[in-house]
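Notes follow the structure.
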Amino acid sequence: MLSLLFAYLICAGFAGHTHAQSVFAHVIVGNTYSYTLADWAHEIEVAANASIDGFALNIGYLDTINPAGFVQAQLNNAYTAADATNFKLFFSFDYAAQGAWDQNAVIKTINAYSSRPSQFKWEGKPLASTFEGPNNAGDWAYIKSQTNSFFAPDFSSQGCFGAAAKPNVDGLLSWNAWPAGANDMTDGDDQAHIKALGGRPFIMPVSPWFYTNLPQWSKNWLWRGDSLWHQRWEQVAQLQPSFVEILTWNDWSESHYVGPLPPMDSAIPTGAERYVKPNPHDAWLKDLPHYIARYQNETRPAESHVTFWYRLNPARSGSAGGTTCNNPAYQTPLAPQDCVADAVFFTAFVPDTAIATVKVTIGGTTQSVTASQPGIFHSSVPFGQIGNGTVSVSVSASDGTKIGPVGGAPITSNCAGGTVNWNAWVGGS
Ligand SMILES: *[C@@H]1O[C@H](CO)[C@@H](O)[C@H](O)[C@H]1NC(C)=O
Ligand SMILES: *[C@@H]1O[C@H](CO)[C@@H](O)[C@H](O)[C@H]1NC(C)=O
Ligand SMILES: *[C@@H]1O[C@H](CO)[C@@H](O)[C@H](O)[C@H]1NC(C)=O
């Protein structure tokens, strides 16, 4: 504890409010085109209330340089809203969405905002990240000379050792946040990143889910979510990476958002409405102060709650919609029904001294599970053989804590449009 305090004070002394073990969320600025300053201020407050320290602002090249486009206006809104708080921002230059960035456009963008109070700095330098762009790694010698930035890109296409060996890399973000096939995610690749970086900072990715079905972009696959949200935070607490980036705040079309559904439907990409609008995820945010306290070796909040999630349709209740488990562009495609579980997943956040019992009622049938050790309790109960019905969850713990019953959206075999919705519905107390 003492050494933690000491490290914290040293970092605080020279990097301002910011410190190692900050937690960021990845924001697709392209999905905020009709946001107002008030919308940004609200979402920053929601994120800050969940112990998130800042946003990585993902921006595509063409949208950002277009003087008539909306991105510049949204960057102004984001920085103006964040400047009024302790919340931090940095850029994630997307080299895949609209092609490689021109290095002078990168320099102009960083320098336009790097003196703003909300700019996240590491070792006194504005952090600059990317989504891909390994072939342009060489540009960053000049970019760094003109911006004094600390360069921590995501070059996951190169593998961790390839990415860490690229020139000008001061740290790395990994995009490898989801398991292949019918497996749980391990932290093997995160450990390999830490090794490959040899002491340079590692930004570990944490994501709750992945499902996308957008024929217009030839995207139609899922990766197993299930217990991913809980397991990854356990891995974060164990591995103690320099930073964490949540993938993502608002990428609606890939179903890995943790932010609240947007204030206007038009923010959701065409085709994704079917599996986004009925599926709020922001109940997951309530878990973050607990997980982040464990990551930062601080005392968990005294607050108790339960969070639970599941798909609204049994896996075999309708057409799979052509969705494969795994990305067929580079992985073996599998039947999604064979990768993901028909189950209600839950996490009960009770005091560290209390043993939780969780009761899950689905369509009138109750299943009860008791934790084998005290504290945060994550598990699941199957719904496959139960079929249809409304869901409710309640918790009682050995110290007298009682939560719920809390209702959830009904599970139905009557899939909207005949197609299974592979996204999660998330709720809680
Ligand atoms: C937090 O605690 C873990 C396990 O007790 C320890 O390995 C780690 O070094 C601690 N982190 C800090 C920053 O003190
Ligand atoms: C953030 O937390 C504060 C303090 O608990 C609360 O008053 C406020 O309503 C919260 N804001 C949002 C947007 O949830
Ligand atoms: C589930 O309910 C729907 C109506 O909402 C019905 O069409 C379907 O047959 C039911 N399936 C099962 C397995 O009970």
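Whatever order the structure lists them in is the order used to number ligands and atoms, beginning at 1.
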Those atoms of ligand 2 less than 4.0 Å from some heavy atom in Val46 =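 That gives atoms 13 (C) of ligand 2.
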Kindly state if atom 7 (O) of ligand 2 has a protein heavy atom within a strict 4.0 Å cut-off, that is, under 4.0 Å?
->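 Within 4.0 Å of atom 7 (O) of ligand 2, no protein heavy atoms are found.
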Measuring to protein heavy atoms, does anything land under 4.0 Å from atom 12 (C) of ligand 2?
->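 It does: a protein heavy atom is found less than 4.0 Å away from atom 12 (C) of ligand 2.
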Side chains of Thr147 and Asn111: is there a donor and an acceptor less than 3.5 Å apart?
->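 No, no side-chain donor-acceptor contact under 3.5 Å.
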Asp187 versus Gln238, side-chain donor and acceptor atoms under 3.5 Å =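 No, because no side-chain N or O of Gln238 sits under 3.5 Å from a partner of the opposite role on Asp187.
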Using the ring of each side chain (for Trp, its six-membered ring), is Trp229 parallel, tilted or perpendicular to Tyr291, with breaks at 30° and 60°?
->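 Because their plane-to-plane angle is over 60°, the rings of Trp229 and Tyr291 count as perpendicular.
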Is it true that Asp170 and Lys125 have a side-chain N and a carboxylate O under 4.0 angstrom from each other?
->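 Lys125 and Asp170: not salt-bridged.
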Which residue supplies the protein heavy atom nearest to atom 5 (O) of ligand 2, what is that atom called, and how far is it?
->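 So the nearest neighbour among protein heavy atoms is Asn49 ND2, 4.8 Å.
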If you have a sec, work out which protein heavy atom is nearest atom 9 (O) of ligand 2 and how many Å separate them, to one decimal?
->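 Heavy-atom neighbour on the protein nearest atom 9 (O) of ligand 2: Glu45 OE2, 4.0 Å.
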Under 3.5 Å: N/O of His42 near N/O of ligand 2 =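 Between His42 and ligand 2 (N or O atoms, distance only) the closest approach is not under 3.5 Å.
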Check: Trp284 and Trp209 side chains under 4.5 Å, non-hydrogen atoms =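 With C-beta onward as the side chain, the pair touches.
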